[in-house]
Engineer: 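Structure provided below as structure tokens; questions to follow.
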Amino acid sequence: MDIIQTIRERRSINFFEPGKTIPENTLRELLEIANLAPSSFNLQPWKVIVVRDPERKKALRVCAFNQPKVEEASAVLIMVADPRGLEENLDRMLDSWVELGYLKPEMRETYADMARNIQSTEDSLKRKVFAVKNTALFAMNLMLAAKGLGLETHPMDGFDEDCVKNEFGVPANKIIPMLVAVGYLKSGITLLPRAFRRNIDEFVRFEKY
Ligand SMILES: Cc1cc2nc3c(=O)[nH]c(=O)nc-3n(C[C@H](O)[C@H](O)[C@H](O)COP(=O)(O)O)c2cc1C
């Protein structure tokens, strides 16, 4: 599917075909394509928990204010933003830049310092924002990739973060910006037309706020 058509046709789907599984190779392909998302300094501060087991989806549904789509979708992906993405990935990211010729070896430490300074300390608000914004781009990439692979999605922030962390063993220092339900549209369902979008003149300014 052409990218413009994919964007135009992506919708947040409320009715998934229950009991339908996503083939393993499709799920892996989906995650691999999503993983091509851009990120600050290419630090990729995201982790994903794929929830497919019916009992685990039931537990997740309880954390997600009983939203039925959590149980009905083939899988629900818990997006985890990791403020420690910098520590975890900086070295191999710089290695790859040096190896591929993006960066001269003598500039490696200068870039490392720049990245550390920009992202601030591990518990800072800046670091949390860094982790969340990049994970949100990953999630958007995933939703578009899903559409291209014949799947439907629904992003959700209607959940109790502590409940999800407790149920799924997510460490306290991580952030869960959203869940993304993935699956197939329930047969016989016709979507309502897409709801209100602002006219671009309402929110676009040129050159100045
Ligand atoms: C970060 C985020 C969180 C959302 N959380 C929920 C949610 O918890 N439950 C829900 O029914 N819809 C949720 N939505 C879906 C929005 O309502 C939906 O994207 C919006 O109405 C536009 O519809 P569309 O995605 O079909 O264009 C969420 C969307 C985003 C981007």
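What's counted below: heavy atoms across the whole structure, side chains too, no hydrogens, waters or symmetry copies. Both ligands and their constituent atoms are indexed starting at 1 by order of listing. Since the structure is predicted, the reported quantities are computational estimates derived from the model, not experimental observations.
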Engineer: Can we say Lys69 and Glu152 salt-bridge, meaning some charged N sits less than 4.0 Å from an Asp/Glu carboxylate O?
Structural biologist: no
Engineer: Do me a favour and list the nearest non-hydrogen protein atom to atom 22 (C) of ligand 1 with residue, atom name and distance?
Structural biologist: Arg197 NH1, 3.7 Å
Engineer: Specify whether the nearest protein heavy atom to atom 28 (C) of ligand 1 is under 4.0 angstrom away.
Structural biologist: yes
Engineer: Give a yes or no on whether atom 19 (O) of ligand 1 lies under 4.0 Å from any heavy atom of the protein.
Structural biologist: yes
Engineer: Identify the closest protein heavy atom to atom 8 (O) of ligand 1: which residue and atom is it, and at what distance?
Structural biologist: Gly158 N, 2.9 Å
Engineer: Which atoms of ligand 1 sit under 4.0 Å from any heavy atom of Arg194?
Structural biologist: 24 (P), 27 (O)
Engineer: Which of the atoms of ligand 1 are close to Gln67, meaning less than 4.0 Å from one of its heavy atoms?
Structural biologist: 7 (C), 8 (O), 9 (N), 10 (C), 11 (O)
Engineer: Decide if atom OH of Tyr184 counts as having more than 12 heavy atoms of other residues, nucleotides or ligands within a radius under 6.0 Å.
Structural biologist: yes
Engineer: Among protein heavy atoms, which lies nearest atom 16 (C) of ligand 1, and at what distance?
Structural biologist: Ser12 OG, 4.4 Å
Engineer: Distance to 0.1 Å, residue and atom name: give those for the protein heavy atom nearest to atom 5 (N) of ligand 1.
Structural biologist: Asp157 N, 2.8 Å
Engineer: Just to confirm my output: which protein heavy-atom neighbour is closest to atom 13 (C) of ligand 1, and how far is it?
Structural biologist: Pro155 O, 3.3 Å
Engineer: Among Arg116, Arg92, Arg127, which residue satisfies the salt bridge (Lys or Arg N to Asp or Glu O under 4.0 Å) criterion with Glu87?
Structural biologist: Arg127
Engineer: Would you say that more than 12 heavy atoms from the other residues, nucleotides or ligands in this model lie under 6.0 Å from the CZ of Phe65, or not?
Structural biologist: yes
Engineer: If you have a sec, work out which protein heavy atom is nearest atom 12 (N) of ligand 1 and how many Å separate them, to one decimal?
Structural biologist: His154 NE2, 2.8 Å
Engineer: Specify the protein heavy atom at minimum distance from atom 11 (O) of ligand 1: its residue, its atom name, and the distance to 0.1 Å.
Structural biologist: Lys69 NZ, 3.0 Å
Engineer: Hey, quick one: are Leu86 and Val129 part of the same hydrophobic cluster, counting side-chain heavy atoms closer than 4.5 Å, chains of contacts allowed?
Structural biologist: no
Engineer: For Ile176 versus Glu161, what's the shortest heavy-atom pair and its separation?
Structural biologist: N-OE2, 2.7 Å
Engineer: Could you tell me how the ring of Phe41 sits relative to the ring of Tyr111: parallel (under 30°), tilted (30 to 60°) or perpendicular (over 60°)?
Structural biologist: perpendicular
Engineer: Could you state whether Val98 and Leu43 fall into the same hydrophobic cluster, counting links through intermediate Ile, Leu, Val, Met, Phe, Trp or Tyr residues with side-chain heavy atoms under 4.5 angstrom apart?
Structural biologist: yes
Engineer: Ignoring angles and geometry beyond distance, decide whether Met178 reaches within less than 3.5 Å of ligand 1 through its nitrogen or oxygen atoms.
Structural biologist: no
